[in-house]
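The structure under discussion appears below in the form of structure tokens.
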Amino acid sequence: MAGASVAELLKGLTAAQQEAVQHVDGPLLMLAGPGSGKTRVVTHRIAYLLHQGVSPRSILALTFTNKAANEMRLRLERLTGQSSVWMGTFHGFCARTLRRYANLVGLADNYSILDAGDSRKALKQAIVVAKVELTYCSPEAVATAISWAKSSLISPTDYKARPGNPIGAIVEEIYPHYQRSLLASNAVDFDDLLMYTAQLLRDNAELRQELDERYRYIMVDEYQDTNMAQYAIIRALSQHTPNLAVTGDPDQSIYGWRGADLSNILEFERDFPGVRVVRLEQNYRSTPNILQVADALISHNVNRKRKTLFTDHAAGRPVRLVVFPSSRDEADHIAASIFSEVQQGRRKFRDFAIFYRINALSRSLEFALRNLEIPYQIVHGLEFYQRKEVKDILAYLFLLHNPQHDVAFLRIINTPTRGIGKKSIQLLMHHAQRHGLSMLEAAREAGLIESLAKRSAVAISRFVAMYDALAVEPADELEDLINSILDGTGYTKTLEASDTEEDEQRLANIEELVTAAQEFDQQHPEENRLQRFLEQASLVNDVDGWDEEPDQVTLMTLHAAKGLEFPVIYIVAVEQGMIPHERSQEDPDQLEEERRLLFVGITRAEEELQLSLAQRRTFRGTERLVVPSAFLMELPRDEMETEQPLEPLDDPDWGEEDDFSDPIPDDAKYFQDEGMADIEQRPQPSAARDSTRLMTAADLLKQQGQGSASSHSPAAFQEGMLVRHPEYGSGLILKVTGSGVKRTATVQFAEVEKKFRLLHAPLEPIQADEEE
DNA sequence: ATTCGCAAAGTTTTT
DNA sequence: CTTTGCGAAT
């Protein structure tokens, strides 16, 4: 076998990593902390297996994203010079398997994969057909419930609502309709890919055995995010040859809300007897400061396996926690500091990333970045394949490949407009339903539909004729096929006729699609091009196309950040209601997931990390006062740097070099404006950066008021001590009881006597020399 | 068949 | 403040 020798494969790896690489037979669990070189270990292990004479075709490497799969493939190729190991996503693997055995689950092998938008449309159709009133629940909620059911391998016939659950009752009724309509369209949604594959393996013993034998070595990445369907699939393929190697980190499970089941990884050892567990805890990414903050945070989770993260990196700069007066200041300040770092030649734009909990928060950041002409890119889930014009053309391709694809039919029957209105489509649908036909078949019978206007019937027939003309077109060159569609439908002509900027952009996008098809033609010289192209269009999304190359600041949600790393990271709006999100605050499990989400964000940082919040945030048009995230209280504040910028950056000329050395404005005035005149005054640090005054954590949290905590450890308080409370003034500690989080002080103030949990109380010891 | 306007709702989203 | 969807108006 070509490629590296064993010694080369093991070179530079720690003992734990070597152990994992050299593991061949039997189940293996790699608990891999953030930045622990997991991908490296996995690729080296595959290379090792190949070296030991394992056939490439008996190895199966499953990931969650195409990006991860591509990365792995690239590295393996570099290592061994070969690429015949199948690496891909769960969904890709299932799509391929299902293609071969489609008939066993009631599909034809040219079935189509609906993306989220299309399956939503199909669902809404089903709701109409089922004649269910959705007065008090959204289609969205029904979709979530069905998705959950499918991930849990509950078929439409098995689904039973819990008594007293109104949404469940609705789902129970709609789910079978929805599923029937998908089957009638010879289509599946994302969840079906997994569910059908699991079913296939469950109900066909010989097939299961055959595939089990075939895939002797299975690897699963991000195992903490697998759901029950995925579990069932890999379990079924690991009975006779249980050489299943999974990698994951329970602390990075952030997709519980999508059905990921944390117990899969937590109970792996029980599920697969004789498992070897390897812990990869050394971190090669972040500074100790960053790791310490991450570790302090995540250790507040109860439902977790203990893990110690360590690194031999040099200390680096402390993690910063910054409180800005307003969300506008937050955005402006971050943009300004990026600008300044780049201008001073210390960093490139691409070194920076800004994370936020929800997409809606990107706007103010974009605005601030644009203001300083800082190049940036936003990582969105959607984009190219979601654009209307691209989806339109794809719909033509889908319908050509699978004539039963009703969602595609409905999309294009009047696109571009050809005089077929809502009424006519309605009639077509009725006809189709009554006679059990697909929409296209119904369209062929347009002449027979009585209530259909002559003119409409003619228009529909003309559409069918055009379709048939396209269908006889040889489909081996995608590029030609797409061009025929563009010609035959007059799609381009319609756009060229208009001269709005929007339509020009659309033309450009179509051009891009043609180019993509062209490339696809070149790279895939085999049969079934159309099918493969459509499959890729369904299963590949644009995060995969995120570009590391251009020198730009990256903006994304915390979810999108998983698996990436950047030298400098800003996490904004670390506020109660954002992280943890409002809707996650009640449920302890969801709260822990929110904590993991922040953990993931923090551990993306290599050198510098700044967490920030605003005292006032403008959100959804209104400005609101902000409560700092409860998670902030869990961080080792004494070891962090806490800052309170003083100057609102509303100067339009901001960004000129001079502004960075502006004198610090008058403290007293600022605090009066903010109603904080009584704040403890500290000597001005001589080298305050960015017009920022360093403050103690206590100062900061005192200002934040509600729900805030003392920066002093509970142990610092003793009986007889004088303390100050922001609301009650100074008082005397009469008694201290309890321990740990329950440690409580009884304090006598001028008027009243109060009890405080010391961990959370905004109490501040008064030094003898500063008594008023 | 399109367009306009108003009301409603607004986490996260690997595939 | 947005975006999105639906219904009425042209």
Side-chain angles (χ1 to χ4, degrees), chain A residues 62-70 88-95 113-121 124 138-140 143-144 147 150-151 188-195 197 221-222 224-227 229-230 252-260 327 355-364 367 379-382 385-386 414-425 455-456 459 535-544 546 556-564 573 577-585 590 593-594 596-598 600-601 617-624:
Chain A
L62 296 170
T63 63
F64 277 81
T65 63
N66 293 295
K67 187 175 162 58
N70 292 338
T89 63
F90 262 104
H91 290 81
F93 170 73
C94 291
I113 302 167
L114 303 190
D115 69 12
D118 286 350
S119 36
R120 202 56 34 87
K121 278 185 189 158
K124 283 182 180 164
S138 65
E140 239 21 67
T144 308
S147 170
K150 287 182 174 179
S151 312
V188 302
D189 62 22
F190 287 142
D191 299 310
D192 284 336
L193 288 171
L194 303 177
M195 184 176 76
T197 306
D221 198 20
E222 309 279 16
Q224 77 279 356
D225 286 327
T226 48
N227 60 30
Q230 287 158 333
Q252 293 186 61
S253 161
I254 54 176
Y255 284 100
W257 50 274
R258 271 188 108 256
S327 39
F355 300 159
Y356 33 81
R357 176 62 230 269
I358 57 172
N359 280 313
L361 289 174
S362 73
R363 204 160 287 277
S364 54
F367 187 80
V379 176
H380 265 123
L382 15 124
Y385 286 108
Q386 297 286 29
N414 198 33
T415 313
T417 54
R418 43 178 79 93
I420 303 168
K422 225 182 294 177
K423 193 77 193 291
S424 317
I425 293 171
R455 212 164 59 143
S456 308
E535 193 162 301
Q536 181 183 275
S538 303
L539 296 177
V540 169
N541 80 11
D542 287 313
V543 184
D544 308 322
W546 170 68
M556 63 180 120
T557 64
L558 285 163
H559 281 93
K562 195 167 75 167
L564 305 176
M578 305 285 350
I579 329 180
H581 192 271
E582 208 152 5
R583 302 199 192 174
S584 302
Q585 284 179 32
Q590 285 185 43
E593 181 153 312
E594 295 284 312
R596 292 194 291 266
L597 189 55
L598 184 56
V600 166
R617 180 165 300 277
T618 310
F619 188 58
R620 288 192 199 155
T622 48
E623 187 174 73
R624 258 169 263 197

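What you see is a predicted model; the values in this text were computed from it and never measured. Sequence lines set the chain letters: A, B, ... in the order given, protein chains first and strands last, and positions in each chain run from 1.
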Open item on the list: Distance check needed: B:dT13 C1' versus A:N66 CG, whole Å only.
Closed with: 15 Å
Task: Side-chain N,O (A:R120) to OP1/OP2 (B:dT13) below 4.0 Å - done: no
- [ ] For residues A:M195 and A:D192, determine if any side-chain heavy atom of one lies less than 4.5 Å from a side-chain heavy atom of the other.
- [x] yes
Open item on the list: Between C:dT4 and B:dT13, how many Å separate the two P atoms, rounded to a whole number?
Closed with: 15 Å
TODO: Please measure how far the C1' atom in C:dC6 lies from the corresponding atom in B:dT11, and state the result in whole Å.
DONE: 25 Å
Open item on the list: Determine whether a donor-acceptor pair (N or O, by modelled atom type, separation under 3.5 Å) exists between the side chain of A:R596 and the backbone of A:S253.
Closed with: yes
- [ ] For A:L62, answer base if it contacts any base atom (sugar-phosphate contacts may also be present), sugar-phosphate if it contacts only those atoms, and nothing otherwise; contact means non-hydrogen atoms under 4.0 Å.
- [x] nothing
Task: Any donor-acceptor N/O pair, A:D191 side chain to A:S151 backbone, under 3.5 Å - done: no
TODO: In whole angstrom, give the distance that lies between atom CD of A:Q230 and atom P of B:dT15.
DONE: 12 Å
TODO: Could you check whether the rings of A:W257 and A:H559 sit parallel, tilted or perpendicular, using 30° and 60° as the cut-offs?
DONE: perpendicular
TODO: Could you tell me the separation between the CZ atom of A:R617 and the CG atom of A:L361, rounded to the nearest 0.5 Å?
DONE: 5.5 Å
TODO: Report the distance from atom NZ of A:K423 to atom P of C:dA8, rounded to the nearest whole Å.
DONE: 16 Å
Open item on the list: Does any part of the side chain of A:R120, heavy atoms only, come nearer than 4.5 Å to the side chain of A:E140, both counted from C-beta?
Closed with: yes
Task: Base versus backbone protein contacts along nucleotides 2-12 of chain B [heavy-atom cut-off under 4.0 Å; B, S, -] - done: S-------BBB
Open item on the list: Without decimals, in angstroms, what is the distance between A:N227 CG and B:dT15 P?
Closed with: 14 Å
Open item on the list: Pair A:L193, A:L539 - check side-chain contact (heavy atoms from CB on, under 4.5 Å), show working.
Closed with: CA-CA 11 Å; A:L193 288 171; A:L539 296 177; 3.9 Å; yes
- [ ] Figure out the NZ/P separation between A:K150 and B:dT15, and round it to whole Å.
- [x] 18 Å
TODO: Map A:G621 and A:K124 onto DNA chain C by nearest heavy atom, then report which one ends up closer to the 5' terminus.
DONE: A:G621
TODO: Write down the distance between CE (A:M556) and C1' (B:dT13), rounded to a whole number of angstrom.
DONE: 15 Å
Task: Side chain of A:R363 - closest among C:dT2, B:dT14, B:dT15 - done: C:dT2
- [ ] Please report, rounded to the nearest Å, how far the C1' atom of C:dT2 is from the CZ atom of A:F367.
- [x] 16 Å
Open item on the list: Rounded to whole Å, please give me the gap between NZ in A:K67 and P in B:dT15.
Closed with: 11 Å
Task: Upstream residue (5' side of DNA chain B) when A:G419 and A:G92 are each assigned their closest nucleotide - done: A:G419
